[in-house]
Amino acid sequence: MAELTDNKDKKFIFVIGPTAIGKSQWALQQAIKYQGSIVNIDSVQLYQGLEIGSAAPTAAEKKQAPHYLYSYVKAPQEMTAGVYLRDFYNLITSENLKGPVFIVGGTGFYIQALEKGMYDVAPGDAKVRKQIEDDLKANGADSFFTELSAADPLHEIHINDHYRLARAIEILRTSGATPTQLKAKAVLQNANAFPYPYLKLGFTDSKEALLPRVQKRTRFILDSGIIDETKSFLEKGFANWSPLASVGYREVANYLIHNNSRAAGHESLFESIVTSTMQLIKKQKTWFQRDQATLWFESSANDQLEAAARLDLYLTSVDQNVTAKGY
RNA sequence: GGGUAGGUGCCCGAGUGGCUAAAGGGGGCAGACUGUAAAUCUGCUGGCUUACGUCUACGAAGGUUCGAAUCCUUCCCUGCCCA
């Protein structure tokens, strides 16, 4: 990690919460008000060409305050939380970001990675990974599960979770470390944790409150051209590019491949995107539940004002860290 | 009007005498989560009951049978074909 002294007195504000809650718009208002900047922490808005479906900030919005880490990863490159961290720290140590920095997004895993840091193990090597995948295919999950259980009887990976199983085996074979050891070590050291003062604000709301927002947004996304956006990637041969498996794009790709000819397909496309988005929201809410350090607000105008007041308190205070526990 | 296929749990759909509260999928609910994370994975999902159990359920009503979603009769409804 590079020298961090430049940012000693800089304040960071996480603005997190489920999709379609209105984080970006709120954060933009605040960034304008305090002459700050915005950094993305959404795992899909990172990519170039997926702006419509991921409801990324528009050019007009980006003009109102500096935005970073949006639309900069090009297909067929695929991001990981680890690479995101590298990019994030590169950014804030190489550029002198204006004012308070708003870190905005709903990807719980990335937020956690940034806040707590990641395990000190090598990232997946493409070659090794391929080998592991072949091995898994040839010998089945049972053999992986047995191998992992022998080395780490306390691991909590399910036998059907092939992705996690393969990753655990990869780490085990290359470094000898087990999931249980890594977890224990991370709790003790927490060496790669976020090194700056920060405030975590979250927006969330009931399913009933979110549904109309999701419907409206889905209509808008469809009208704005997510179908063409998807089509262009498919035509370039990126059908297996992992971001295309994210909410919206997955449904559209499926629609283009299977029901394109049917007139009724369009309405069910709308419905299926709404459903997946609501499912995503549920998963995000489940993830955020365990986060004890976030100050939560609802989406109402009143709560937005309340959140703004808390922000103001933080920005004008001399305290370093202000979290839920601080109040 | 005639013929024909069919009506199954929130939805789709399997089941054609007992092992059926009824496969599977979707949806819903709850959860896990350290380099794919908007991904991946797990559990639950008719009522009452802690449980044993019991009640209600396979279009409706009757019937056959020790026993029916499954067989028979009539009726209602839906799709398709012929008039």
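Chain naming here is simple, since letters A, B, ... match the order of the sequence lines and numbering starts at 1 in each.
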Contacts under 3.5 angstrom, residues 132-143 of chain A side chains, donor-acceptor by atom type, not counting sequence neighbours:
residue  : atom : partner  : partner atom : Å
A:Asp134 : OD1  : A:Lys130 : NZ           : 3.3
A:Asp134 : OD2  : A:Lys130 : NZ           : 3.1
A:Asp135 : OD1  : A:Asn139 : ND2          : 2.5
A:Asp135 : OD2  : A:Arg173 : NH1          : 2.9
A:Asp135 : OD2  : A:Arg173 : NH2          : 3.0
A:Ser143 : OG   : A:Gly140 : O            : 3.2

| Span that lies between the P atom of B:A21 and that of B:G46, in whole angstrom | 13 Å
| said: Once you apply a heavy-atom cut-off of 4.0 Å, does A:Tyr84 come out as touching a base, just sugar-phosphate, or nothing? | reply: nothing
| Under 4.0 angstrom, heavy atoms only, what part of the nucleic acid is A:Arg86 near: base, sugar-phosphate, or nothing? | nothing
| Nearest-nucleotide comparison on RNA chain B, the residue closer to the 5′ end among A:Met118 and A:Ala55 | A:Met118
| task | Report the base-pairing partner of B:A14 (Watson-Crick or G-U wobble, both distances below 3.5 angstrom), or none. | result | none
| field | Nucleotide paired to B:C71 in any strand shown, Watson-Crick or G-U, under 3.5 Å | value | B:G63
| Does A:His155 have its ring centroid less than 6.0 Å away from the ring centroid of A:Phe145? | yes
| said: Using a heavy-atom cut-off of 4.0 Å across all strands, would you classify A:Lys207 as base, sugar-phosphate, or nothing? | reply: sugar-phosphate
| query | Across the strands shown, which category fits A:Gly117 at heavy-atom distances under 4.0 angstrom: base, sugar-phosphate, nothing? | reply | base
| For atom P, what is the distance between B:C77 and B:G59, given to the nearest Å? | 16 Å
| query | Side chains of A:Thr294 and A:Phe14: does their closest heavy-atom pair fall under 4.5 Å? | reply | no
| message | Tell me which nucleotide, if any, is Watson-Crick or G-U wobble paired with B:A51 when both distances must be under 3.5 Å. | response | none
| said: Suppose you measure atom P in B:U74 against the same atom in B:U4; what distance do you get, rounded to whole Å? | reply: 14 Å
| request: For the residue pair A:Lys183 and A:Glu156, establish whether any side-chain heavy-atom pair is separated by less than 4.5 Å. | output: yes
| message | When both hydrogen-bonding distances must be under 3.5 Å and the geometry is Watson-Crick or G-U wobble, what is B:G9 paired with, if anything? | response | none
| field | P gap between B:C58 and B:U50, integer Å | value | 27 Å
| Which value, in whole Å, describes the distance between the P atoms of nucleotides B:A83 and B:U64? | 43 Å
| query | For A:Pro100, which residues count as a side chain to side chain contact (heavy atoms under 4.5 Å, CB included) partner, sequence neighbours excluded? | reply | A:Ile13, A:Tyr34, A:Phe102, A:Leu315
| remark: Rounding to 0.5 Å, atoms CE (A:Met118) and CD (A:Gln112) come to a distance of 8.0 Å
| query | Does any nucleotide pair with B:A22 by Watson-Crick or G-U wobble geometry, both distances under 3.5 Å, and what is it? | reply | none
| query | Expressed as a whole number of Å, how far does the P atom of B:C66 sit from that of B:G79? | reply | 41 Å
| Contact interval (first through last nucleotide) of RNA chain B with protein chain A, 4.0 Å heavy-atom | B:G27 to B:U42
| field | Pairwise distance NZ(A:Lys200) to CZ(A:Phe288) - rounded to 0.5 angstrom | value | 8.0 Å
| query | Checking all strands, does A:Lys283 fall into the base, sugar-phosphate, or nothing category for heavy-atom contacts under 4.0 angstrom? | reply | base
| task | Go ahead and name the base partner of B:G1; Watson-Crick or wobble counts if both distances stay under 3.5 Å, otherwise write none. | result | B:C82
| request: Take atom P in B:G1 and the same atom in B:G63, then report the distance between them in whole Å. | output: 29 Å
| message | Taking any heavy-atom pair under 4.0 Å as a contact, classify A:Ala113: base, sugar-phosphate, or nothing. | response | nothing
| request: Name the nucleic acid region contacted by A:Gln284, choosing base, sugar-phosphate or nothing; use a 4.0 angstrom heavy-atom cut-off, strictly under. | output: nothing
| task | Tell me the partner of B:A32, counting only Watson-Crick (N1-N3 plus N6-O4 or O6-N4) or G-U wobble (N1-O2 and O6-N3) with both under 3.5 Å; none if nothing fits. | result | B:U40
| task | Check every strand shown and say whether A:Thr19 touches a base, only sugar-phosphate, or nothing at a heavy-atom separation below 4.0 Å. | result | nothing
| message | What's A:Gln279 touching, base or sugar-phosphate or nothing? Going by heavy atoms closer than 4.0 Å. | response | sugar-phosphate
| query | To the nearest 0.5 Å, how far apart are OG1 in A:Thr107 and CG in A:Asp42? | reply | 4.5 Å
| request: Determine whether the aromatic ring centres of A:Phe12 and A:Phe194 lie less than 6.0 Å apart. | output: yes
| request: Could you measure between the two P atoms, the one in B:G28 and the one in B:C11, and give it in whole Å? | output: 15 Å
